[in-house]
Amino acid sequence: MTSRRCRGILSAMKRFATVLAILMSCVWLAQAADPPSQTLRIGSKRFTESYILAQVLAQTAAPQLEQAPQVKQGLGNTAIVYEALRSGNIDLYPEYAGTIALEILKSDKPMALDAMNRALAPLGLGAAIPLGFNDGYALALRGADAQKDGIRTLSDLTRHPELRLGLSNEFIGRSDGWPGLARRYGLSQQPIGLDHGLAYDAIAGKQVDLIDIYTTDAKINHLGLTVLQDDKGYFPRYDALVLYRLDVPQRFPKAWAALQKLAGSIDERAMIAMNARAELESADFETIARDHLAGKGAAKTAAARRDLSAKLFGPDLARLTFQHLGLVGVAVGIAALLAIPLALLVFPRPRARALLLGLTGLLQTVPSLALLAILIWLVGAIGVLPAVIALTLYALLPIMRNTVTGLGEVPQGLRDAASALGMSPLQRLRLVELPLAAPTIIAGIRIATAIAIGTATIAAFVGAGGYGERIVTGLAINDGDLLLAGAIPAAVLALLSEALFEGVQRVMFRRP
(Lines give C-alpha, C1' and ligand atoms only; values in the text may rest on other atoms or scores of the structure.)
Protein backbone atom coordinates (compact mmCIF):
# COMPACT_ATOMS: atom_id res chain seq x y z
CA MET A 1 0.00 0.00 0.00
CA THR A 2 1.58 3.30 -1.03
CA SER A 3 1.90 6.31 1.25
CA ARG A 4 -0.24 8.26 -1.24
CA ARG A 5 -3.10 5.82 -0.70
CA CYS A 6 -2.58 6.05 3.04
CA ARG A 7 -2.90 9.82 2.85
CA GLY A 8 -6.08 9.35 0.83
CA ILE A 9 -7.52 7.13 3.57
CA LEU A 10 -6.59 9.65 6.27
CA SER A 11 -8.14 12.45 4.19
CA ALA A 12 -11.34 10.45 3.81
CA MET A 13 -11.42 9.85 7.56
CA LYS A 14 -11.08 13.59 8.19
CA ARG A 15 -13.99 14.30 5.84
CA PHE A 16 -16.00 11.63 7.61
CA ALA A 17 -15.26 13.27 10.97
CA THR A 18 -16.39 16.65 9.58
CA VAL A 19 -19.67 15.21 8.30
CA LEU A 20 -20.14 13.47 11.64
CA ALA A 21 -19.65 16.75 13.51
CA ILE A 22 -22.29 18.42 11.34
CA LEU A 23 -24.73 15.55 11.89
CA MET A 24 -24.13 15.63 15.63
CA SER A 25 -24.79 19.35 15.72
CA CYS A 26 -28.05 18.90 13.82
CA VAL A 27 -29.21 16.11 16.09
CA TRP A 28 -28.39 17.91 19.33
CA LEU A 29 -29.95 21.15 18.06
CA ALA A 30 -33.09 19.22 17.18
CA GLN A 31 -33.09 17.75 20.68
CA ALA A 32 -32.78 21.19 22.27
CA ALA A 33 -35.06 23.03 19.83
CA ASP A 34 -37.98 23.24 22.24
CA PRO A 35 -36.98 24.39 25.73
CA PRO A 36 -39.39 23.28 28.46
CA SER A 37 -40.43 26.83 29.36
CA GLN A 38 -41.75 27.62 25.90
CA THR A 39 -43.32 24.49 24.47
CA LEU A 40 -46.04 22.31 25.95
CA ARG A 41 -44.96 18.70 25.40
CA ILE A 42 -47.64 16.02 25.39
CA GLY A 43 -46.85 12.31 25.46
CA SER A 44 -48.78 9.20 24.58
CA LYS A 45 -48.46 5.50 25.11
CA ARG A 46 -48.25 3.05 22.25
CA PHE A 47 -51.86 2.12 21.64
CA THR A 48 -54.64 3.63 19.56
CA GLU A 49 -56.62 5.38 22.26
CA SER A 50 -53.57 7.08 23.76
CA TYR A 51 -52.53 8.43 20.34
CA ILE A 52 -56.01 9.90 19.84
CA LEU A 53 -56.30 11.42 23.32
CA ALA A 54 -52.86 13.03 22.99
CA GLN A 55 -54.09 14.76 19.83
CA VAL A 56 -57.31 15.83 21.56
CA LEU A 57 -55.24 17.43 24.33
CA ALA A 58 -52.84 19.07 21.87
CA GLN A 59 -55.54 20.52 19.64
CA THR A 60 -57.46 21.82 22.65
CA ALA A 61 -54.41 23.57 24.06
CA ALA A 62 -52.94 24.85 20.77
CA PRO A 63 -55.10 28.00 20.31
CA GLN A 64 -54.04 29.20 23.77
CA LEU A 65 -50.29 28.77 23.21
CA GLU A 66 -47.70 31.00 21.59
CA GLN A 67 -45.96 27.93 20.13
CA ALA A 68 -47.65 24.81 18.82
CA PRO A 69 -47.57 21.98 21.37
CA GLN A 70 -45.18 19.13 20.71
CA VAL A 71 -46.72 15.65 20.69
CA LYS A 72 -44.33 12.80 21.49
CA GLN A 73 -46.26 9.80 20.28
CA GLY A 74 -45.97 6.13 21.07
CA LEU A 75 -43.52 6.32 23.98
CA GLY A 76 -43.82 2.63 24.77
CA ASN A 77 -45.46 1.30 27.90
CA THR A 78 -46.34 2.94 31.21
CA ALA A 79 -42.81 2.71 32.61
CA ILE A 80 -41.27 4.67 29.73
CA VAL A 81 -43.89 7.40 29.37
CA TYR A 82 -44.06 7.86 33.16
CA GLU A 83 -40.27 8.20 33.35
CA ALA A 84 -40.47 10.80 30.56
CA LEU A 85 -42.99 12.76 32.63
CA ARG A 86 -41.08 12.40 35.90
CA SER A 87 -37.80 13.53 34.32
CA GLY A 88 -39.42 16.57 32.69
CA ASN A 89 -39.14 15.41 29.08
CA ILE A 90 -42.90 15.73 28.67
CA ASP A 91 -45.39 17.88 30.58
CA LEU A 92 -48.51 15.74 30.56
CA TYR A 93 -50.08 12.67 28.99
CA PRO A 94 -53.40 10.78 29.07
CA GLU A 95 -53.43 8.12 31.79
CA TYR A 96 -55.93 6.00 33.73
CA ALA A 97 -56.88 6.14 37.40
CA GLY A 98 -56.33 2.42 37.99
CA THR A 99 -52.89 2.53 36.40
CA ILE A 100 -51.82 5.51 38.51
CA ALA A 101 -53.01 3.94 41.76
CA LEU A 102 -51.83 0.36 41.27
CA GLU A 103 -48.93 0.58 38.82
CA ILE A 104 -47.34 3.99 39.46
CA LEU A 105 -48.12 4.59 43.14
CA LYS A 106 -48.02 0.86 43.96
CA SER A 107 -51.19 1.04 46.05
CA ASP A 108 -52.82 -2.26 46.94
CA LYS A 109 -56.27 -0.85 46.19
CA PRO A 110 -57.93 1.80 43.97
CA MET A 111 -57.64 5.40 45.10
CA ALA A 112 -59.97 8.39 44.95
CA LEU A 113 -58.68 11.36 42.95
CA ASP A 114 -57.94 13.45 46.08
CA ALA A 115 -55.92 10.65 47.66
CA MET A 116 -54.13 10.08 44.39
CA ASN A 117 -53.10 13.73 44.18
CA ARG A 118 -51.84 13.73 47.76
CA ALA A 119 -49.59 10.79 46.89
CA LEU A 120 -48.45 12.34 43.59
CA ALA A 121 -47.66 15.80 44.99
CA PRO A 122 -44.26 14.86 46.51
CA LEU A 123 -43.28 13.63 43.04
CA GLY A 124 -44.14 17.00 41.51
CA LEU A 125 -47.09 15.45 39.66
CA GLY A 126 -50.86 15.69 39.68
CA ALA A 127 -53.90 13.99 38.16
CA ALA A 128 -56.83 16.00 36.83
CA ILE A 129 -59.46 16.42 34.10
CA PRO A 130 -61.43 13.13 34.22
CA LEU A 131 -62.40 12.80 30.57
CA GLY A 132 -65.66 10.94 31.17
CA PHE A 133 -65.09 7.27 30.34
CA ASN A 134 -63.71 4.11 31.86
CA ASP A 135 -61.36 2.00 29.73
CA GLY A 136 -60.78 -1.05 31.85
CA TYR A 137 -58.86 -4.26 31.36
CA ALA A 138 -60.80 -7.41 30.55
CA LEU A 139 -60.30 -10.83 28.95
CA ALA A 140 -62.14 -11.84 25.80
CA LEU A 141 -62.50 -14.94 23.64
CA ARG A 142 -64.28 -15.77 20.41
CA GLY A 143 -68.05 -15.58 20.82
CA ALA A 144 -68.65 -19.01 19.26
CA ASP A 145 -66.19 -20.64 21.67
CA ALA A 146 -67.73 -18.88 24.65
CA GLN A 147 -71.17 -20.16 23.69
CA LYS A 148 -69.99 -23.69 22.91
CA ASP A 149 -68.03 -24.11 26.15
CA GLY A 150 -70.35 -22.14 28.39
CA ILE A 151 -67.71 -19.58 29.36
CA ARG A 152 -69.19 -16.34 30.64
CA THR A 153 -67.06 -15.31 33.62
CA LEU A 154 -63.38 -15.32 34.55
CA SER A 155 -64.13 -18.02 37.12
CA ASP A 156 -65.26 -20.29 34.27
CA LEU A 157 -61.69 -20.30 32.95
CA THR A 158 -60.61 -22.62 35.78
CA ARG A 159 -62.52 -25.40 34.00
CA HIS A 160 -60.61 -24.87 30.75
CA PRO A 161 -56.85 -25.10 31.38
CA GLU A 162 -56.38 -26.04 27.71
CA LEU A 163 -57.16 -22.51 26.50
CA ARG A 164 -54.26 -20.70 24.82
CA LEU A 165 -53.76 -17.22 26.23
CA GLY A 166 -52.10 -14.47 24.20
CA LEU A 167 -51.65 -11.47 26.49
CA SER A 168 -49.88 -8.16 25.98
CA ASN A 169 -46.42 -8.06 27.50
CA GLU A 170 -47.31 -5.11 29.69
CA PHE A 171 -50.38 -6.91 31.05
CA ILE A 172 -48.26 -9.98 31.86
CA GLY A 173 -45.82 -7.84 33.84
CA ARG A 174 -48.17 -5.37 35.55
CA SER A 175 -48.98 -5.68 39.24
CA ASP A 176 -52.65 -5.22 38.33
CA GLY A 177 -52.37 -7.58 35.38
CA TRP A 178 -51.97 -11.31 34.88
CA PRO A 179 -50.01 -12.30 38.04
CA GLY A 180 -52.65 -10.92 40.42
CA LEU A 181 -55.52 -12.06 38.20
CA ALA A 182 -54.17 -15.63 38.09
CA ARG A 183 -53.86 -15.69 41.89
CA ARG A 184 -57.33 -14.23 42.46
CA TYR A 185 -59.05 -16.76 40.19
CA GLY A 186 -56.66 -19.71 40.57
CA LEU A 187 -55.85 -19.82 36.84
CA SER A 188 -53.21 -22.30 35.68
CA GLN A 189 -52.88 -21.31 32.01
CA GLN A 190 -49.46 -20.13 30.84
CA PRO A 191 -49.85 -17.06 28.59
CA ILE A 192 -47.58 -16.04 25.74
CA GLY A 193 -46.67 -12.38 25.16
CA LEU A 194 -48.22 -10.58 22.18
CA ASP A 195 -48.28 -6.99 21.02
CA HIS A 196 -51.73 -5.62 21.81
CA GLY A 197 -52.33 -4.56 18.21
CA LEU A 198 -51.47 -8.03 16.87
CA ALA A 199 -53.51 -9.95 19.44
CA TYR A 200 -56.76 -9.36 17.55
CA ASP A 201 -55.32 -10.93 14.40
CA ALA A 202 -54.06 -13.84 16.48
CA ILE A 203 -57.46 -14.56 18.03
CA ALA A 204 -59.27 -14.06 14.72
CA GLY A 205 -56.84 -16.53 13.08
CA LYS A 206 -57.40 -19.02 15.96
CA GLN A 207 -53.75 -18.90 16.94
CA VAL A 208 -54.78 -18.06 20.51
CA ASP A 209 -58.09 -18.50 22.33
CA LEU A 210 -58.09 -15.68 24.85
CA ILE A 211 -56.61 -12.16 24.87
CA ASP A 212 -56.56 -9.15 27.16
CA ILE A 213 -58.50 -6.18 25.83
CA TYR A 214 -59.27 -2.59 26.69
CA THR A 215 -63.02 -2.24 27.09
CA THR A 216 -63.15 0.63 24.57
CA ASP A 217 -61.34 -1.32 21.84
CA ALA A 218 -63.15 -1.09 18.52
CA LYS A 219 -62.46 -4.65 17.42
CA ILE A 220 -64.35 -6.36 20.25
CA ASN A 221 -67.70 -6.10 18.46
CA HIS A 222 -66.11 -6.14 15.01
CA LEU A 223 -64.70 -9.64 15.62
CA GLY A 224 -67.67 -10.86 17.67
CA LEU A 225 -65.67 -11.42 20.85
CA THR A 226 -67.23 -12.17 24.21
CA VAL A 227 -65.89 -10.11 27.11
CA LEU A 228 -65.73 -12.24 30.25
CA GLN A 229 -67.39 -10.93 33.39
CA ASP A 230 -65.01 -10.06 36.22
CA ASP A 231 -67.21 -11.87 38.76
CA LYS A 232 -64.75 -11.45 41.66
CA GLY A 233 -64.21 -7.74 41.01
CA TYR A 234 -60.46 -7.96 40.41
CA PHE A 235 -60.06 -5.09 37.95
CA PRO A 236 -60.46 -1.52 39.27
CA ARG A 237 -61.95 1.29 37.22
CA TYR A 238 -59.58 2.83 34.70
CA ASP A 239 -61.14 6.25 34.31
CA ALA A 240 -59.26 8.30 31.72
CA LEU A 241 -57.69 11.54 32.96
CA VAL A 242 -54.56 13.66 32.56
CA LEU A 243 -51.35 13.02 34.49
CA TYR A 244 -49.30 16.24 34.52
CA ARG A 245 -46.38 18.08 36.07
CA LEU A 246 -47.51 20.49 38.77
CA ASP A 247 -45.84 23.47 37.09
CA VAL A 248 -47.96 23.16 33.94
CA PRO A 249 -50.89 25.36 35.16
CA GLN A 250 -48.43 28.15 36.00
CA ARG A 251 -46.40 27.88 32.80
CA PHE A 252 -49.41 27.58 30.48
CA PRO A 253 -52.38 29.07 32.34
CA LYS A 254 -54.60 29.72 29.32
CA ALA A 255 -53.93 26.31 27.80
CA TRP A 256 -54.58 24.63 31.15
CA ALA A 257 -57.90 26.46 31.47
CA ALA A 258 -58.86 25.22 28.00
CA LEU A 259 -57.91 21.65 28.90
CA GLN A 260 -60.11 21.81 32.00
CA LYS A 261 -63.12 22.11 29.71
CA LEU A 262 -62.48 18.58 28.40
CA ALA A 263 -63.65 17.13 31.71
CA GLY A 264 -66.56 14.75 31.08
CA SER A 265 -66.52 15.45 27.34
CA ILE A 266 -65.82 11.89 26.09
CA ASP A 267 -68.09 8.97 26.96
CA GLU A 268 -67.34 5.31 26.23
CA ARG A 269 -69.44 5.28 23.06
CA ALA A 270 -67.55 8.28 21.66
CA MET A 271 -64.18 6.73 22.52
CA ILE A 272 -65.09 3.42 20.90
CA ALA A 273 -66.19 5.29 17.76
CA MET A 274 -62.90 7.21 17.62
CA ASN A 275 -60.89 4.01 18.09
CA ALA A 276 -62.91 2.40 15.31
CA ARG A 277 -62.09 5.20 12.89
CA ALA A 278 -58.39 4.62 13.48
CA GLU A 279 -58.33 0.82 13.57
CA LEU A 280 -61.05 -0.13 11.09
CA GLU A 281 -60.99 2.75 8.65
CA SER A 282 -57.40 4.01 8.81
CA ALA A 283 -58.28 7.61 9.65
CA ASP A 284 -55.30 9.52 11.04
CA PHE A 285 -55.24 10.55 14.70
CA GLU A 286 -55.18 14.30 14.04
CA THR A 287 -58.31 14.12 11.88
CA ILE A 288 -60.13 11.96 14.42
CA ALA A 289 -59.34 14.39 17.24
CA ARG A 290 -60.25 17.43 15.12
CA ASP A 291 -63.61 15.94 14.13
CA HIS A 292 -64.41 15.00 17.72
CA LEU A 293 -63.66 18.50 18.98
CA ALA A 294 -65.71 19.99 16.15
CA GLY A 295 -68.63 17.72 17.02
CA LYS A 296 -68.52 15.91 13.70
CA GLY A 297 -68.21 12.43 15.18
CA ALA A 298 -67.55 9.81 12.53
CA ALA A 299 -68.75 11.89 9.60
CA LYS A 300 -66.88 11.50 6.35
CA THR A 301 -64.68 8.75 7.75
CA ALA A 302 -64.19 7.09 4.40
CA ALA A 303 -62.66 10.23 2.97
CA ALA A 304 -59.85 10.00 5.51
CA ARG A 305 -58.68 6.60 4.26
CA ARG A 306 -55.26 6.56 2.65
CA ASP A 307 -53.66 3.87 0.52
CA LEU A 308 -50.08 2.64 0.81
CA SER A 309 -48.62 5.19 -1.61
CA ALA A 310 -50.22 8.08 0.29
CA LYS A 311 -48.80 6.79 3.57
CA LEU A 312 -45.40 6.02 2.03
CA PHE A 313 -44.96 9.49 0.50
CA GLY A 314 -46.79 11.35 3.27
CA PRO A 315 -45.77 14.84 4.40
CA ASP A 316 -43.72 13.36 7.25
CA LEU A 317 -41.32 11.48 4.94
CA ALA A 318 -38.65 14.21 4.77
CA ARG A 319 -38.70 14.76 8.53
CA LEU A 320 -38.48 11.06 9.33
CA THR A 321 -35.70 10.56 6.78
CA PHE A 322 -33.64 13.39 8.28
CA GLN A 323 -34.15 12.00 11.77
CA HIS A 324 -33.27 8.45 10.73
CA LEU A 325 -30.14 9.55 8.88
CA GLY A 326 -29.05 11.71 11.80
CA LEU A 327 -29.47 8.88 14.32
CA VAL A 328 -27.60 6.36 12.16
CA GLY A 329 -24.83 8.75 11.11
CA VAL A 330 -24.12 10.01 14.61
CA ALA A 331 -24.29 6.58 16.24
CA VAL A 332 -22.07 4.82 13.69
CA GLY A 333 -19.66 7.75 13.64
CA ILE A 334 -19.25 7.76 17.42
CA ALA A 335 -18.92 3.97 17.40
CA ALA A 336 -16.15 4.16 14.78
CA LEU A 337 -14.30 6.87 16.70
CA LEU A 338 -14.47 4.71 19.84
CA ALA A 339 -14.07 1.19 18.45
CA ILE A 340 -11.13 1.68 16.08
CA PRO A 341 -8.74 3.30 18.62
CA LEU A 342 -9.77 0.76 21.29
CA ALA A 343 -9.12 -2.11 18.88
CA LEU A 344 -5.71 -0.66 17.99
CA LEU A 345 -4.91 -0.34 21.69
CA VAL A 346 -5.80 -3.91 22.70
CA PHE A 347 -4.70 -5.74 19.54
CA PRO A 348 -1.18 -6.51 20.83
CA ARG A 349 -2.65 -7.74 24.15
CA PRO A 350 -4.59 -11.00 23.61
CA ARG A 351 -6.27 -11.08 27.03
CA ALA A 352 -7.41 -7.46 26.91
CA ARG A 353 -8.55 -7.98 23.33
CA ALA A 354 -10.63 -11.04 24.25
CA LEU A 355 -12.16 -9.19 27.23
CA LEU A 356 -13.08 -6.12 25.17
CA LEU A 357 -14.61 -8.16 22.35
CA GLY A 358 -16.49 -10.22 24.89
CA LEU A 359 -17.95 -7.13 26.55
CA THR A 360 -19.05 -5.58 23.24
CA GLY A 361 -20.49 -8.94 22.22
CA LEU A 362 -22.42 -9.08 25.47
CA LEU A 363 -24.05 -5.74 24.62
CA GLN A 364 -25.56 -7.35 21.54
CA THR A 365 -27.52 -9.75 23.75
CA VAL A 366 -29.34 -6.99 25.67
CA PRO A 367 -32.87 -6.55 24.23
CA SER A 368 -33.21 -3.13 22.63
CA LEU A 369 -36.25 -2.03 24.64
CA ALA A 370 -34.62 -3.11 27.90
CA LEU A 371 -31.49 -1.17 26.97
CA LEU A 372 -33.55 1.92 26.18
CA ALA A 373 -35.39 1.69 29.50
CA ILE A 374 -32.09 1.42 31.37
CA LEU A 375 -30.62 4.36 29.46
CA ILE A 376 -33.68 6.54 30.12
CA TRP A 377 -33.23 5.84 33.82
CA LEU A 378 -29.48 6.55 33.67
CA VAL A 379 -29.54 9.77 31.63
CA GLY A 380 -32.91 11.03 32.87
CA ALA A 381 -34.12 11.83 29.36
CA ILE A 382 -36.03 10.45 26.43
CA GLY A 383 -35.52 11.30 22.78
CA VAL A 384 -32.28 11.49 20.82
CA LEU A 385 -29.79 10.99 23.65
CA PRO A 386 -30.75 7.47 24.84
CA ALA A 387 -31.47 6.40 21.24
CA VAL A 388 -28.00 7.48 20.02
CA ILE A 389 -26.29 5.82 22.99
CA ALA A 390 -28.15 2.55 22.36
CA LEU A 391 -27.37 2.55 18.63
CA THR A 392 -23.73 3.38 19.34
CA LEU A 393 -23.41 0.45 21.75
CA TYR A 394 -24.91 -1.92 19.19
CA ALA A 395 -22.55 -0.63 16.47
CA LEU A 396 -19.34 -1.17 18.46
CA LEU A 397 -18.96 -4.93 17.93
CA PRO A 398 -18.79 -5.19 14.11
CA ILE A 399 -16.39 -2.23 13.85
CA MET A 400 -14.15 -3.43 16.66
CA ARG A 401 -14.12 -7.05 15.51
CA ASN A 402 -13.35 -6.13 11.91
CA THR A 403 -10.55 -3.80 13.03
CA VAL A 404 -8.96 -6.60 15.04
CA THR A 405 -9.48 -9.05 12.17
CA GLY A 406 -7.98 -6.65 9.63
CA LEU A 407 -4.90 -6.08 11.76
CA GLY A 408 -4.54 -9.81 12.30
CA GLU A 409 -4.49 -10.41 8.54
CA VAL A 410 -1.43 -8.22 8.00
CA PRO A 411 1.45 -10.64 7.20
CA GLN A 412 4.06 -10.81 9.94
CA GLY A 413 6.73 -10.60 7.27
CA LEU A 414 5.63 -7.11 6.32
CA ARG A 415 5.74 -6.03 9.94
CA ASP A 416 9.27 -7.41 10.26
CA ALA A 417 10.32 -5.70 7.03
CA ALA A 418 8.94 -2.38 8.25
CA SER A 419 10.84 -2.72 11.52
CA ALA A 420 14.01 -3.66 9.62
CA LEU A 421 13.66 -0.43 7.63
CA GLY A 422 13.82 1.47 10.91
CA MET A 423 10.14 2.37 11.25
CA SER A 424 8.85 3.07 14.73
CA PRO A 425 5.77 1.12 15.91
CA LEU A 426 3.61 4.19 15.20
CA GLN A 427 5.04 4.60 11.71
CA ARG A 428 4.54 0.92 11.03
CA LEU A 429 0.93 1.18 12.15
CA ARG A 430 0.25 4.30 10.09
CA LEU A 431 2.09 3.32 6.89
CA VAL A 432 1.74 -0.46 6.78
CA GLU A 433 -0.82 -2.03 9.11
CA LEU A 434 -3.70 0.44 8.89
CA PRO A 435 -3.63 0.77 5.09
CA LEU A 436 -3.65 -3.01 4.69
CA ALA A 437 -6.39 -3.44 7.29
CA ALA A 438 -8.49 -0.53 5.95
CA PRO A 439 -10.73 -2.62 3.62
CA THR A 440 -11.71 -4.90 6.51
CA ILE A 441 -12.23 -1.95 8.88
CA ILE A 442 -14.49 -0.16 6.40
CA ALA A 443 -16.38 -3.42 5.90
CA GLY A 444 -17.05 -3.39 9.65
CA ILE A 445 -18.37 0.17 9.46
CA ARG A 446 -20.50 -0.94 6.51
CA ILE A 447 -22.00 -3.78 8.55
CA ALA A 448 -22.58 -1.50 11.54
CA THR A 449 -24.38 1.02 9.33
CA ALA A 450 -26.70 -1.63 7.90
CA ILE A 451 -27.48 -2.88 11.41
CA ALA A 452 -28.03 0.65 12.71
CA ILE A 453 -30.48 1.52 9.93
CA GLY A 454 -32.70 -1.36 10.98
CA THR A 455 -32.19 -0.96 14.71
CA ALA A 456 -32.84 2.80 14.59
CA THR A 457 -36.55 2.06 14.28
CA ILE A 458 -36.55 1.49 18.07
CA ALA A 459 -35.88 5.22 18.50
CA ALA A 460 -39.59 5.86 18.04
CA PHE A 461 -40.26 4.16 21.38
CA VAL A 462 -38.50 7.04 23.15
CA GLY A 463 -39.68 9.92 20.96
CA ALA A 464 -36.52 10.22 18.85
CA GLY A 465 -38.35 9.92 15.52
CA GLY A 466 -37.19 8.13 12.40
CA TYR A 467 -39.04 5.60 10.28
CA GLY A 468 -39.90 3.71 13.47
CA GLU A 469 -42.68 6.24 14.11
CA ARG A 470 -44.66 4.71 11.29
CA ILE A 471 -43.82 1.14 12.29
CA VAL A 472 -44.74 1.67 15.95
CA THR A 473 -48.01 3.36 15.01
CA GLY A 474 -48.78 0.64 12.47
CA LEU A 475 -48.28 -2.01 15.16
CA ALA A 476 -50.49 -0.11 17.60
CA ILE A 477 -53.45 0.09 15.22
CA ASN A 478 -52.61 -3.09 13.27
CA ASP A 479 -52.26 -1.13 10.00
CA GLY A 480 -50.19 -3.18 7.54
CA ASP A 481 -49.87 -0.33 5.04
CA LEU A 482 -48.43 1.98 7.70
CA LEU A 483 -45.99 -0.74 8.76
CA LEU A 484 -44.82 -1.02 5.17
CA ALA A 485 -44.63 2.77 4.87
CA GLY A 486 -42.02 2.67 7.62
CA ALA A 487 -40.25 -0.54 6.62
CA ILE A 488 -39.84 0.27 2.91
CA PRO A 489 -37.91 3.55 3.35
CA ALA A 490 -35.67 1.84 5.92
CA ALA A 491 -34.95 -0.96 3.43
CA VAL A 492 -34.27 1.55 0.66
CA LEU A 493 -31.94 3.47 2.96
CA ALA A 494 -30.06 0.26 3.74
CA LEU A 495 -29.65 -0.50 0.03
CA LEU A 496 -28.44 3.03 -0.64
CA SER A 497 -25.88 2.75 2.15
CA GLU A 498 -24.62 -0.53 0.66
CA ALA A 499 -24.26 1.12 -2.74
CA LEU A 500 -22.46 4.09 -1.18
CA PHE A 501 -19.97 1.90 0.69
CA GLU A 502 -19.41 -0.23 -2.41
CA GLY A 503 -18.57 2.90 -4.38
CA VAL A 504 -16.29 4.24 -1.65
CA GLN A 505 -14.40 0.95 -1.43
CA ARG A 506 -13.95 0.76 -5.18
CA VAL A 507 -12.56 4.30 -5.30
CA MET A 508 -10.32 3.98 -2.27
CA PHE A 509 -8.95 0.52 -2.95
CA ARG A 510 -8.77 0.30 -6.72
CA ARG A 511 -5.42 -0.74 -8.07
CA PRO A 512 -3.22 2.12 -9.38
Side-chain angles (χ1 to χ4, degrees), residues 9-10 12-28 30-31 323-347 352-372 374-376 378-379 381 383-408 434 437-459 462 464-468 490 493-494 496-498 500-501 504-505 508:
I9 294 172
L10 292 174
M13 291 181 68
K14 289 179 181 177
R15 289 195 296 270
F16 173 73
T18 301
V19 172
L20 173 62
I22 294 171
L23 281 172
M24 288 181 69
S25 299
C26 291
V27 171
W28 298 126
Q31 176 80 348
Q323 292 172 337
H324 211 90
L325 282 171
L327 290 167
V328 172
V330 171
V332 173
I334 294 173
L337 294 177
L338 290 174
I340 295 174
L342 283 172
L344 295 175
L345 183 65
V346 303
F347 177 73
R353 184 174 67 210
L355 177 62
L356 191 60
L357 289 174
L359 289 175
T360 53
L362 185 63
L363 289 172
Q364 300 288 324
T365 68
V366 180
S368 55
L369 289 180
L371 181 59
L372 281 175
I374 293 169
L375 289 171
I376 291 171
L378 286 175
V379 304
V384 172
L385 183 57
V388 166
I389 295 174
L391 293 173
T392 299
L393 293 176
Y394 284 133
L396 288 174
L397 180 62
I399 300 174
M400 191 173 295
R401 185 173 292 281
N402 272 45
T403 301
V404 169
T405 301
L407 293 172
L434 267 181
T440 306
I441 295 173
I442 291 178
I445 298 174
R446 180 176 182 172
I447 294 168
T449 301
I451 293 172
I453 289 172
T455 310
T457 55
I458 66 170
V462 292
Y467 298 133
L493 192 60
L496 290 174
S497 77
E498 285 293 301
L500 177 63
F501 274 102
V504 167
Q505 288 183 297
M508 292 180 66

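Side chains are part of it too, since the values below use all heavy atoms of this structure and drop only hydrogens, waters and symmetry mates. Nothing fancy with the numbering, it's 1 onward along the sequence.
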Under 3.5 Å, side-chain donor or acceptor atoms of residues 357-364 against the rest of the protein: list the pairs with distances, not counting sequence neighbours.
residue : atom : partner : partner atom : Å
T360    : OG1  : L356    : O            : 3.1
T360    : OG1  : L357    : O            : 3.0
Q364    : NE2  : Y394    : O            : 2.6

Could you pull out every donor-acceptor pair under 3.5 Å between side chains of residues 331-339 and any protein atom, sequence neighbours left out?
none

Could you list the donor-acceptor pairs under 3.5 angstrom formed by side chains in residues 446-455, with sequence neighbours left out?
residue : atom : partner : partner atom : Å
R446    : NE   : E498    : OE1          : 3.1
R446    : NH1  : E502    : OE1          : 3.2
R446    : NH1  : Q505    : OE1          : 2.8
R446    : NH2  : E498    : OE1          : 3.1
R446    : NH2  : E502    : OE1          : 3.2
T449    : OG1  : I445    : O            : 2.8
T455    : OG1  : I451    : O            : 2.8

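Counting only heavy atoms from C-beta outward, the side chains of I441 and N402 never approach each other to under 4.5 Å. Residues T403 and L342 fail the side-chain proximity criterion, which asks for heavy atoms closer than 4.5 Å.
Every residue meeting the side chain to side chain contact (heavy atoms under 4.5 Å, CB included) condition with A387, not counting sequence neighbours, appears here in chain and number order: L327, A459, V462, A464. Taking the side chain to side chain contact (heavy atoms under 4.5 Å, CB included) definition, one finds that A352 meets it with V346, R349, sequence neighbours left out.
Within the structure, no pair that satisfies the salt bridge (Lys or Arg N to Asp or Glu O under 4.0 Å) test touches residues 333-345, not counting sequence neighbours.
Going from atom CG of L391 over to atom CG of L396 covers 11.0 Å, rounded to the nearest 0.5 Å. Atoms CD1 and CG, from I458 and L371 in turn, are 7.0 Å apart once rounded to the nearest 0.5 Å. Taking CG of L344 as the reference point, atom CE of M400 lies at 10.0 Å (rounded to 0.5 Å).
The nearest pair of heavy atoms linking F347 to V404 is CE1-O, 3.6 Å.
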Run the side chain to side chain contact (heavy atoms under 4.5 Å, CB included) test on L325 and L493 for me, step by step, so that the C-alpha distance in whole Å, both residues' side-chain angles and the decisive distance to 0.1 Å come before the verdict. CA-CA 9 Å; L325 282 171; L493 192 60; 3.6 Å; yes
